[in-house]
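In what follows, a single structure is set out as structure tokens and then discussed.
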Amino acid sequence: MVTKVTNESGATVSTIEVGRGLVADFVLPGNPRRTKVAVLTQPGAQQVALAYVDRLQELGLETHSMVLPDREEAKTWEVVAKAHGWLAEIRLTRSDTVLGVGGGSLTDVAGFVAATWLRGVEVAHIPTTLLGAVDAAVGGKTGINLAGKNLVGAFCHPTSVTIDLDVLDAVPLNIQREGWAEVYKTALIADPDLLELLHDSGPLTPLDDVVERVVRFKAEVVSEDFREFGRRAVLNFGHTIGHAVEFASGCSHGEAVAVGIVAAVAISRDRYGFDTNVREGLAVFALPTTTNADAARVSELLLLDKKNDADGVRMVLLQGVGDPIVDHVTDDEIELALRSVGL
Ligand code: GLY
């Protein structure tokens, strides 16, 4: 199945393929001037990267590979500078392509490296985790961390995203559950039927029933609002407090999003009477619903969230399943939300 992300003129900017056994027929989008592909990958994804390198060589392309550090360790200036130095050595030109093969952190940083090399070269992604597939690799947000999560970055669409469910099925459960947090988020903001399916089948829900519909929703939102001037902000449901918890505690992104969902639901329940039991729903995926992060640090980090404006902290809340709203929250509401996750 192929989903397209379009720009405001309706032109396709990103093609997302979801399927099985995709490496055999893999091709990059047409570009007769491309001669080289710089593959950025990470520990744990190297086998998959190797298969794509073989395929690219079969297609007559020169390939070079670099292994970046794992997870959030990759999202630093030092790593970006190293990757740029390497692109200079291999003389990657504006006609060439960066291919990111890995999880969400890897595609975030690969996208940023590509967006800033020679003022922007083509990037394509092969996500190797559920989290990468349903969120990070799709939609063109790239970035690295500074005093807060993703504070430096660029919007830059990957020209293609290849999501191979055979690759995702092989991911260990403790990593897979991180992706389930993003799937659960999408179900809450957009898809009551998917939420029912997740509540019925938990982590046994077949990826064939999940990935395509989550990706299709994200592609629709991003096509409408690439730079997050409006609707795209709903994709950050659970991420305001989630990002602060992640940065303060060093827990994984998926765990932090799960905690962030519980916190945002506490305000939604208080304000709008939202009544879905998300604690139970998330626990089925072995996702945490409380945190032992430092409360003062979390509060401090909340002030750095990118959705904030001069009037204060803005969060995505739920008036009902599939009915998100972005609004300012009061200090009392933040306190209520933090208390609900043990802070
Ligand atoms: N991860 C949220 C977004 O791509 O907008």
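Each ligand, and each atom within it, is numbered from 1 in the order the structure gives. None of the values given here were measured: they were computed from a predicted structure. Heavy atoms only: backbone and side chains are in, while hydrogens, waters and symmetry mates are out.
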For ligand 1, which is the ligand I care about here, please tell me if [X] has any N or O atom under 3.5 Å from one of the ligand's N or O atoms.
X	result
Lys141	yes
Arg232	yes
Lys185	no

* Within the side chain of His84, is there an N or O that forms a donor-acceptor pair under 3.5 Å with the backbone of Lys82? ->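 Checked: no pair found.
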ask   = Does the Lys218 side chain pair with the main chain of Val138, one donor and one acceptor, at a distance under 3.5 Å?
value =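 Such a contact is found between Lys218 side chain and Val138 backbone.
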Which of the numbered atoms in ligand 1 are below 4.0 angstrom from a heavy atom of [X]?
X	result
Leu235	2 (C), 3 (C), 5 (O)
Asp135	1 (N), 2 (C)
Asn236	2 (C)

With sequence neighbours left out, the residues meeting ring-ring contact (aromatic ring centres under 6.0 Å, His included) with Phe247 are none
Review point. Between Asp309 and His328, does any side-chain donor sit less than 3.5 Å from a side-chain acceptor?
Key: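 Yes - a donor-acceptor pair under 3.5 Å links their side chains.
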For ligand 1, is Lys218 a contact, meaning one of its heavy atoms is under 4.0 Å away?
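It does; at least one heavy atom falls under 4.0 Å.
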Worksheet item: Going through the distances and angles, do Val39 and Met66 end up as a side chain to side chain contact (heavy atoms under 4.5 Å, CB included)?
Response: CA-CA 6 Å; Val39 179; Met66 183 180 197; over 6 Å; no
ask   = Phe155 vs Phe226 aromatic rings, parallel, tilted or perpendicular, using cut-offs 30° and 60°?
value =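 Phe155 and Phe226: perpendicular rings.
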Exercise for the section: May I ask you to identify, for Val222, whether its side chain, its backbone, both or neither come under 4.0 Å of ligand 1 on a heavy-atom basis? Expected result: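 Answer for Val222: neither.
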